[in-house]
Amino acid sequence: MTKTTLRKAGGSAITTVPALISDFLKLNIGDELTWEIENGKIILKALKPVRKKSKLDDLLDKFEASQNVRSLEDEQWLNSAPRGKELL
């Protein structure tokens, strides 16, 4: 069991989430939590955002060919001869 103490901050009472618990739940600063009361107990739940898996077509739609401009340094690197044991 882990124990914390309530403290006053402005008009609210605050507490901390112990490192053992935040590490176990993989909580990060800025994560949202909900508080519920059930049978006289406080239930604190982490609201983890559901991350949508991107599809390649969706990612490519965001890409603009005009953003892919080679610099002089890029051109020099692309046109340079191998210096080691690179495979061509």
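Small disclaimer: the values here were computed from a predicted structure and weren't measured.
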Please tell me whether [X] and [Y] are part of a single hydrophobic cluster in this structure, the criterion being side-chain heavy atoms less than 4.5 Å apart.
{"X": "I21", "Y": "I42", "result": "yes"}
{"X": "L44", "Y": "L20", "result": "no"}
{"X": "L47", "Y": "F24", "result": "no"}

Heavy-atom nearest pair, I43 first then E38, reads CD1-CB, 3.5 Å
Donor-acceptor pair between T4 and T16 side chains, under 3.5 angstrom: no
Report, as yes or no, whether the 6.0 Å neighbourhood of atom [atom1] on [X] holds more than 12 heavy atoms from other residues, nucleotides or ligands.
{"X": "E36", "atom1": "CD", "answer": "yes"}
{"X": "R7", "atom1": "CZ", "answer": "yes"}
{"X": "I37", "atom1": "CD1", "answer": "no"}

Who passes side chain to side chain donor-acceptor pair (under 3.5 Å) against D74, sequence neighbours left out? S71
Could you measure the distance from the OG1 atom of T15 to the CG atom of L6? Nearest 0.5 Å is fine. 5.5 Å
Rounded to the nearest 0.5 Å, what's the gap from CG on L33 to CG on D31? Could you check? 7.0 Å
Please check this pair: side chain of N79 against backbone of E75, looking for a donor-acceptor N/O pair closer than 3.5 Å. yes
Report yes if the side chains of R70 and L78 come closer than 4.5 Å at any heavy-atom pair, otherwise no. yes
